[in-house]
Amino acid sequence: MPTFTAYPAQGYRARVSTYWWLGRRAYLKFILREISSVFVAWFVLVTVVQIRGLAHGPDAYARIQHRLENPLAIALNLISFFFVVFHAITWFNLAPKAMAVRMGGKRVPAIMISAPNYIAWAVVSAAVAWLLLRG
Amino acid sequence: MADKIAIEVARYTPDRDTEPRMETFEVPLRKEWVVLDALNYIKDRIDGSLSFRWSCRMGVCGSCGMMVNDEPKLTCATFLTDYAPGPVRVEPLKNFPVMRDLIVEITDFLTKLSKVKPWIIRKEEKPVTEGEYLQSPEELETFKQFSMCINCLLCYAACPVYGLDPLFAGPAALALAQRYNLDSRDQGSDERLDILSQHDGIWGCTFVGECTEVCPKHVDPAGAIQQYKLTGTQEWIKSFLMPFGGK
């Protein structure tokens, strides 16, 4: 039993096109944001496999890296990188909408919620870059 | 400026048409005219059978919401000159069944609205002799934005989730539930939690965010729903971490 709907409505009801998300820029952006999760999952999978390789020693890790050195994997990783960045930016920009923090009777401005996210992102990225590039 | 503009209006007569058809009318293009003025001109001077809802003509009643060039708009606040040289396409609000011409069936929304209990709930009413329930300007500020909703349903027309799944409670109903949840005089948030945290409630929302974009009263239903998702999650965690579900 549906929670909110009591009866089937009467009148002419237009069928929603399968391609409804192409009709409006905002809808397309939304669908891209949703699809980005697939690529985030791909990145997670690659990382897990790499960590597993590391645990099995330098040879196993080198084999995995070698397997990733083909145009298809590089192209997929490039596309995934774009989507992961898109995912992060849209997520951080949406965060202030979901968090209505009030201080001194006033709502904290959106930038105060999103900026710490961006700063944390930059700090973690810099730390990872330092770890990878220092030697 | 041209002195006329073409208006393409969706026409649909139940029992006669199997689906809506477009009919074009020429109306005077005047600087101060909104789309609703054009529709009234058509009804008064060209075709009296054209059916549409309207009342206040000043963005308060929420009756005249329609799709104008595929965007959900209050036709009383949408100027013809912004669409010159035209044509302007006027269709009934998307995602609702069409009853006739530009009139949509909104009982579904009204049913949904009443389900979220959009009124002040008190565990115990205090006697009238004790006076009114007082509220500070700060307390008012926490929900005032959500209380500006005029039930015009532009947000439902902009919501692809509601279009694809009519069981979804939808933006305005959820924003109005949040309006009462945040009201310092209200004690009904526990009662609303059960209904709002259903699959068809807040979790149906995928945060497309277009409801907020099209809202003529800047209610921000998308924000209200996401904020309630946080509350709902906190309550869910409390329900199994705390004795007696944190009640």
Side-chain angles (χ1 to χ4, degrees), chain A residues 1-38 40 86-114 116-117, chain B residues 12 14 17-20 70-71 91-92 94-100 103-108 111-113 115-116 136-139 141-142 145 158 160 163-164 166-170 173 182 195-196 198-201 204 206-210 212-213 220 222-230:
Chain A
M1 178 73 190
T3 314
F4 290 98
T5 304
Y7 70 103
Q10 297 182 347
Y12 171 80
R13 192 179 261 283
R15 208 182 70 85
V16 178
S17 157
T18 313
Y19 306 103
W20 60 268
W21 44 277
L22 286 172
R24 214 174 155 116
R25 223 178 120 92
Y27 291 167
L28 182 64
K29 196 177 154 203
F30 159 74
I31 286 291
L32 288 177
R33 197 181 83 212
E34 295 288 291
I35 288 175
S36 69
S37 59
V38 175
V40 173
F86 182 71
H87 185 94
I89 291 173
T90 47
W91 179 254
F92 291 159
N93 288 349
L94 292 178
K97 289 240 171 210
M99 295 174 72
V101 183
R102 307 193 84 85
M103 274 166 79
K106 284 241 184 314
R107 185 155 168 194
V108 173
I111 186 99
M112 297 292 282
I113 309 275
S114 56
N117 282 304
Chain B
Y12 172 75
D17 300 328
T18 49
E19 58 179 19
D70 227 17
E71 297 262 340
E91 292 163 288
K94 233 194 234 172
N95 299 339
F96 289 97
V98 183
M99 299 305 281
R100 187 190 176 94
I103 296 175
V104 290
E105 160 64 274
I106 62 163
T107 316
D108 181 47
T111 310
K112 285 171 172 158
L113 183 61
K115 293 256 180 175
V116 302
S136 70
E138 286 78 24
E139 286 168 334
E141 198 53 41
T142 57
Q145 182 184 24
L164 292 163
L167 300 183
F168 174 48
L182 294 175
I195 187 116
L196 291 176
Q198 304 259 351
H199 177 73
D200 297 342
T206 52
F207 204 174
V208 180
E210 278 299 281
T212 295
E213 295 299 319
D220 190 12
I225 299 171
Q226 309 324 309
Q227 287 157 32
Y228 196 73
K229 281 181 184 170
L230 270 185

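Quick note on labels: first sequence line is chain A, next is B, and so on, each numbered from 1. Given the structure is predicted, the values throughout are model-derived calculations rather than measurements.
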Contacting moiety of [X], where chain A heavy atoms sit under 4.5 Å:
| X | result |
| --- | --- |
| S136(B) | neither |
| D70(B) | backbone |
| Y228(B) | neither |
| E19(B) | both |

**OP:** Report, as yes or no, whether the 6.0 Å neighbourhood of atom CH2 on W20(A) holds more than 12 heavy atoms from other residues, nucleotides or ligands.
**Re:** yes
Original post:
If you draw a 6.0 Å radius around CE in M99(B), do more than 12 non-hydrogen atoms from other residues or ligands fall strictly inside?
Top reply: yes
Let me know if [X] has heavy atoms under 4.5 Å from chain B in its side chain, its backbone, both or neither.
| X | value |
| --- | --- |
| A14(A) | neither |
| I31(A) | neither |
| R15(A) | neither |
| Y12(A) | both |

For each of [options], tally heavy-atom pairs with chain A at distances under 4.5 Å, and name the one with the top tally.
| options | value |
| --- | --- |
| T18(B), L113(B), L164(B), L230(B) | L164(B) |
| I225(B), T212(B), T142(B) | T142(B) |
| P160(B), G163(B), G223(B) | P160(B) |
| K229(B), E71(B), Q227(B), E138(B) | Q227(B) |
| A158(B), P14(B), P92(B) | A158(B) |

Original post:
Side-chain contact, heavy-atom cut-off 4.5 Å: E141(B) with R102(A)?
Top reply: yes
Subject >> Full working for side chain to side chain contact (heavy atoms under 4.5 Å, CB included) between L94(A) and Q226(B) >> reply: CA-CA 9 Å; L94(A) 292 178; Q226(B) 309 324 309; over 6 Å; no
Original post:
What pair of heavy atoms forms the shortest contact from F207(B) to R33(A), and how long is it?
Top reply: O-NH2, 2.7 Å
**OP:** Nearest 0.5 Å please: distance from the CD atom of E213(B) over to the CZ atom of R24(A).
**Re:** 8.5 Å
Subject >> E210(B) side, atom CD; K29(A) side, atom NZ - distance, nearest 0.5 Å >> reply: 9.5 Å
